Every structure is written in C-alpha cells, then in structure tokens.
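All remarks here apply to the structure that follows.
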Amino acid sequence: MPALNPVRGTRDILPDENRRRRFVEHVAFDHASRYGFGEISTPVFEFTEVFARTLGDSSDIVTKEMYTFADRGGDSITLRPENTAGVARAFISNGLTQHVPLKLFYRGPMFRYERPQKGRYRQFHQVGVELIGVAGPLADAEVIALGADVLAALGLSDRVTLQLNSLGDGESRVAYRDVLVDYLRSHRQSLSEESLIRLERNPLRVLDSKDEGDRKVVAGAPQITDSLNSASRAFFDTLTGFLERAEVAYRVNPRLVRGLDYYCHTAFEFTTDALGAQGAVLAGGRYDGLVKQMGGPPTAGTGWAAGVERLMMLVDDVGRAARPLAVVPQSDDQVSDAWSIAQRLRCAGFVVDLGYSGNLGKRMKRANKSDARACIILGEDEIARGVVTTRDMDTGEQQEVMLKDIEDHLGRYR
RNA sequence: GCGGGAGUAGCUCAGCUGGUUAGAGCACCUGGUUGUGGUCCAGGGGGUCGCGGGUUCAAAUCCCGUCUCUCGCCCCA
C-alpha cells in the first residue's frame, strides 16, 4: 500500500511512544519552570524571510533543507526548521523588547528536508529555551545548567558529555578568523575539497571537519582561545567559574564552532556516542546579534534546543500507563448500569475502562488486556441486591460491596 | 545531494546455488470454560514475498529500475 505510507521522513507516533515523548517534554518543561521559564508557542510556519535572514544565505539549512512554498496569496512561507528565529520574531512582534530579561521555553515540531537517519526525521520535535536580554555569562551558566539538569532528570548524565567553547566577541572572532585563514591557506594543499570551499565561505567550519587530512591540519591550527581579547576571556572565565560552582562538568573543545555571524561567546553541545552519527542531543549558544539582524533593537540572547526523538531513544523506561479499573457487565442487560457506574467513578477521578461486548469471559479478557488493576463485576444478581463484585486482578481476590460504597472501597486502587 | 546494507504475516525473522499448495515464534480470533482474565490444551484467520519491468517452461529466489527503511558522508537536534 505505498500510497498509504506516511511521507518520507515522517511517521506516526502511537500511544506507547507518545508516553515517552510526553515524558521527555514534561521533564524539560518542569526543570525549565524551576529556572523561571514560561512556555511560548509560535506558529509552525513563518514568512520565509524570518529564517532566510537569520540563518544566513550560505547555511545548509537555508540553501537546501527548508520546506518552502508559496501560499495561495503568493507569500513565500517556510515550515520552521528551528525555533530560535521564530521566538526572536515573536519577541519583536509582541513588543517584548521592554520586558527583558525574558525566559522562554518551547516545544514542538520542526521540519527539515534532510536524508532521514536514525534519530533524524523530516518532521521532528524539539524542546528548547531562550534567555533573552541578559548580556552577562550568568545567563549562559543558567541555560547550560538547566540543560544538564534536564539530561540528568532523564537519566542520561553518564551518557552525555558537555563540550564547551567560546567564540569570543565580534572583535575576537574577526581577529581569529584572519589568523585561521592565514594558517589554512598556507596548508591548502593538504585540505579536502570541501574544506577549501569552507575556507572561503565559512572558515570556522573547517575546524570540525571529519576528513582525516583536514584533521591533521586542524590539529596544528591556532586556537580561538589565543585570539580572545581580555573582555571575551573574562566572559568565558566567569562562565566556567559559574559552572564549576554549580558542579556542571564540562570539557573545553576549541574546535566546537558555530558558523553563523550572530553567534558569539558561548557555544556548547551535549553529545553522546550512543546514537551513531547523531551525536548532538542538546546544543546551543549565545546569539547577541540575532534580534538586531532581524530588525529589532540590539538584544543579547542565549539558549539551546534539544532533539526530542533523540532523547526518547536514550531514555530507558518511562513506566507503564495508568492502570484502569474495568467495569464489567455480565451481559448486555447490565450495560446501562455499568455505564452509570463507570461515569460515577470517572467523575470521582478514577481511570475507568469498559468491556464493550460479549459474555463475561470476553469482557474479563479485555479488562486484563487493558492492564486493569481491578474489575467491578455487575451481574443480574448483584443489581437485584444493590451490590457489585470487585475483583483484584493481581491477587484474584473478590468481594461484594454495596453499590453506594464503591468509591470508598476502590480508593486503594486510585 | 553522495556511497554501503536491507525490504517475506500486525511484529521479529527463516526460506533465496530458480522447481509442488511460502514457513516459524510472538500477536490475533474461536473453542475447552454459556458468572470470571492471566497459565495450559485444541483449532482457526491472515501474505499482490515493497512496487514496476525483464530473463525463464517456471521467479520470494536471477537482472534492471523505483520507493521506503537503515548505516555512513554532508549538515545538524
């Protein structure tokens, strides 16, 4: 049935898997709340310009990975490939520039036209945070510590490492870029074809090339740390001091870079080797130039995004769904009474399932399949006497209970 | 966008040097048990062998194309 398959790179998430997804999202938001973040929801599509302008014309996301189309009114629309640009747009659109510092959490689907792989889909989900309007390193520390907390709460502490780097301020980055380009040019005969292109368009990217020849060249390359001016160095030192004080373990990786212009100072990634090539599970950095680039006032910002599907694959077990009580009529003759009892119990806050058809045995089977904690059995006999029979599905123990007392009696199964 | 591997029942897979009616386990349904689930026993349903084309007397099996998944590259969450 090829016509009935979901579109490549998309998939259906069934109830069991959605419990994992909700668990991940819930843990993320729960911890974000503790840091004072509130949830923002922005549209899943924006004017193409929102992404084109902020992500940079040369980035892969913009040049070949966006779902872009003209709507019926002729506007160019793009399904969001990430949400930082959307949040920045909302920040400006809603006049929030006067309400900084602003701490925003988000979650939801993102869209990128990429080759699907393990943990990589064309429609995927992210959770993320943006802390807008704080220029100092305490904001970076908070955001990183929050990321570490979320991963810890998901039970992943021993499977991820935090890699940290500083790109410095604009002055430092320009200085480093010059030094780096000089060095790379002098070794251009050893660089891969890819890297020669990057050298012209986005030289920092050469640093995280996986090509063996490139790596040798990069190993001897000047490090950004040496190009940081004193202000940038102080920023980074203060940040690492905060992280140490909060006991957030990190490893400085001078090759961790961000290609886009609006990034500065902090860049970080929590990575794992448990997902093959998809190593990054939660990554972010500081983007002081973004809001201004979008047409807003100069505004500092720092944040991260995490791939929900990747996290879902890493978390072990989220426990089973709530076990229901099953109201089981002996036959169709007792269905109306069963229905009343079920509604009464639901009203009282119980999780209640029903057996829909068949004889008592069939309905019991269904109750068992739904993992029922207990059954409320209702026969002709019981109705006549104003009682029900309850059966504990784990012990098999049964007893008769007055109909009016069932809520009390079942309280222990709540 | 580029390269490797794989697609057989709802799931995991066997069958593949071409040869009767394509199998197993799990799952599902029915009965044993018409007032009692799980376990057990007996039986049953379910497959255009991803799709299209080619070779052949004969194709799940060989060849080509295509789609999807998967691993890697690129990039990224």
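These figures come from a predicted structure and were not determined experimentally. In what follows, chains carry the letters A, B, and so on, assigned in the order in which the sequence lines appear, proteins first and then strands, with residues in each chain numbered from 1.
Within 4.0 Å of A/D371, counting heavy atoms only, lies no atom of the nucleic acid at all. The residue A/E114 sits close to a base: some heavy atom pair falls under 4.0 Å. Counting non-hydrogen atoms under 4.0 angstrom, A/A367 reaches nothing in the nucleic acid. Within the 4.0 angstrom heavy-atom criterion, no nucleotide atom of any strand lies near A/G128. The residue A/E382 sits close to a base: some heavy atom pair falls under 4.0 Å.
Of the listed residues (A/W304, A/F29, A/Y35, A/F37), just one forms a ring-ring contact (aromatic ring centres under 6.0 Å, His included) with A/F105, and that residue is A/F29.
Atoms CD1 and NZ, from A/I40 and A/K103 in turn, are 15.5 Å apart once rounded to the nearest 0.5 Å. Residue A/E142 holds its CD atom at 6.0 Å from CG of A/L131, rounded to the nearest 0.5 Å.
Residue A/Q117 has its side chain nearest to B/C73 when only B/U36, B/C73, B/C75 are considered. Distances were taken from every side-chain heavy atom of A/K369 (C-beta onward) to each of B/C29, B/U36, B/G38; the shortest belongs to B/C29. Here the nucleotide nearest the side chain of A/N368, chosen from B/C74, B/G37, B/G35, is B/G37. You'll find that the side chain of A/K365 is closest to B/G37, out of B/U36, B/C74, B/G37. Taking every side-chain heavy atom of A/Y113 into account, B/G1 is the closest of B/G1, B/C76, B/G37.
Pairing for B/G3 goes to B/C71, judged as Watson-Crick or G-U wobble with the two contacts each under 3.5 Å.
Both A/R8 and A/I377 sit near RNA chain B, but only A/I377 has its closest nucleotide nearer the 5' end. Along RNA chain B, the nucleotide nearest to A/R366 and the one nearest to A/P116 differ in position, and the one closer to the 5' end is contacted by A/R366.
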